[in-house]
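Okay, so here's the structure we're looking at.
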Number of protein chains: 2
Amino acid sequence: MDALTIGQLGRATDTKIETIRYYEKIGLLPAPRRTAGNYRSYAAEHLQRLGFIRRTRDLGFTIEQVRELLKLAAHGEKPCEEVDQLVVRHLEVTERKIAALTRLRRELRETLDSCQGGRIAECRVIQALSPPTAARKKRVLGSRT
Amino acid sequence: MDALTIGQLGRATDTKIETIRYYEKIGLLPAPRRTAGNYRSYAAEHLQRLGFIRRTRDLGFTIEQVRELLKLAAHGEKPCEEVDQLVVRHLEVTERKIAALTRLRRELRETLDSCQGGRIAECRVIQALSPPTAARKKRVLGSRT
DNA sequence: TCTTGACCCTGTAGCGACTACAGGGTCCTA
DNA sequence: TAGGACCCTGTAGTCGCTACAGGGTCAAGA
């Protein structure tokens, strides 16, 4: 018999109990059988499915994307084009995030480099964090149309 | 006179009106004067302060960190060590994020590379997304102590 | 047998940082 | 005087969980 309690399933998949119940509530993980004492009793297919969910979540897919991937995985006869497209799109999003964070890192480093260790009033870090706004002011005033 | 309506302030700082009101509610941006018709009327210092907030938020600092930076910026006489530390810590967080996303990108690329363009049932992408769980099972069962 | 404590249950509220309404009021122009 | 662009308050929703509160169940030890 391979029945698992929610705690065992959680340890097996490195998932918090509350998260498992949450996945059930939003329909991502099917509701399992219940014991006489109303405890959830999970079978091997739940372990497999939750493992898939965790893995895809760890890879940064949204819940909706996971839902989509699960639906696709259930249709073994279809070509895997759609699956690939989902992964490609997610890869693109990931690359944009990396690019944005890399720019950010450069800015933070430049900001730090500018500091000579004086007082806050003369600190170039604080100045670097305050953007110039005067230039934009004219454009904006009276632009109600 | 440099009084701005909330809409003008929003355009000047690329900030949604709701966000400005939200910043006021959480005490990040001081409440401005009101006109006879109960409209918010912003002065130059609001523009400057909201600019600072937006810039630091864009750099990925949390609201609490922004609050801290604003408090420090108001104490011009203190050494700028604390400011630097905040930026250094944020830089470290950013670097960890970049590292995590870079690992992720590699995994997504490897997943995609494994696909030959067949049917979902044989698709290596779906398989790559399903982690092996059998090995972990023994450890977990009966580990109630 | 009783008690302890680890585990489980439901339901609701909170997190961060906004965003999106609903249902009104104000102001300016034609 | 009418229209529409703008503003007001207040509340609820977003995402993906996480943290209670207030109970019930179960197994092992005294």
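Because only heavy atoms are used, hydrogens play no part in the values below, and waters and symmetry mates are left out as well, while side chains stay in. A note on names: the letters A, B, ... follow the listed sequences, proteins ahead of strands, and every chain is numbered from 1.
- For Glu82(A), the salt bridge (Lys or Arg N to Asp or Glu O under 4.0 Å) partners at least two apart in sequence or on another chain are Lys78(A).
- As a whole-Å value, the separation of Gln65(A) CD from dG16(D) C1' is 14 Å.
- Atom CD1 in Ile17(A) sits about 8 Å away from atom C1' in dC7(C), given to the nearest Å.
- Applying the ring pair (Phe, Tyr, Trp, His ring centres under 6.0 Å) test to every pair with at least one member in residues 88-114 of chain A, sequence neighbours left out, gives these pairs: Phe61(A)-His90(A).
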Taking only N/O atoms, report every protein-nucleotides 14-18 of chain C pair under 3.5 Å with atom names and distance.
| residue | atom | partner | partner atom | Å |
| --- | --- | --- | --- | --- |
| dA17(C) | OP2 | Ile63(B) | N | 3.4 |
| dA17(C) | O3' | Arg57(B) | NH2 | 3.3 |
| dC18(C) | OP2 | Tyr23(B) | OH | 2.8 |
| dC18(C) | OP2 | Arg57(B) | NE | 2.7 |
| dC18(C) | OP2 | Arg57(B) | NH2 | 3.4 |

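- In this structure, Thr94(B) has no side chain to side chain donor-acceptor pair (under 3.5 Å) partners at least two apart in sequence or on a different chain.
- Residues from residues 88-104 of chain B with heavy atoms under 4.0 angstrom of DNA chain C: there are none.
- By the side chain to side chain donor-acceptor pair (under 3.5 Å) test, Glu64(A) pairs with Arg67(A), sequence neighbours left out.
- Five base pairs at each end of the helix from dT1(C)-dA30(D) to dA30(C)-dT1(D) define two local axes, and these are offset by 20° (rounded to 10°).
- With sequence neighbours left out, the salt bridge (Lys or Arg N to Asp or Glu O under 4.0 Å) criterion links Arg33(B) to no other residue.
- A search for side chain to side chain donor-acceptor pair (under 3.5 Å) contacts involving Arg106(A) returns nothing, not counting sequence neighbours.
- Under the rule for a salt bridge (Lys or Arg N to Asp or Glu O under 4.0 Å), Glu110(A) has no partner lying at least two apart in sequence or in another chain.
- Not counting sequence neighbours, the partners of Tyr22(B) by the side-chain contact (heavy atoms from CB on, under 4.5 Å) test are Ile26(B).
- Qualifying side chain to side chain donor-acceptor pair (under 3.5 Å) partners for Arg96(A), counting only residues two or more places apart in sequence or in other chains: none.
- Of the side-chain N and O atoms in Arg40(A), one or more sit less than 4.0 angstrom from OP1 or OP2 of dC9(C).
- Between the CG atom of Leu4(B) and the P atom of dC6(D) there is a distance of 15 Å, rounded to whole Å.
- Rounded to an integer number of Å, the gap from CD1 of Ile20(B) to P of dC8(D) is 9 Å.
- Atom CG in Leu9(A) sits roughly 16 Å away from atom C1' in dC9(C) (whole-Å rounding).
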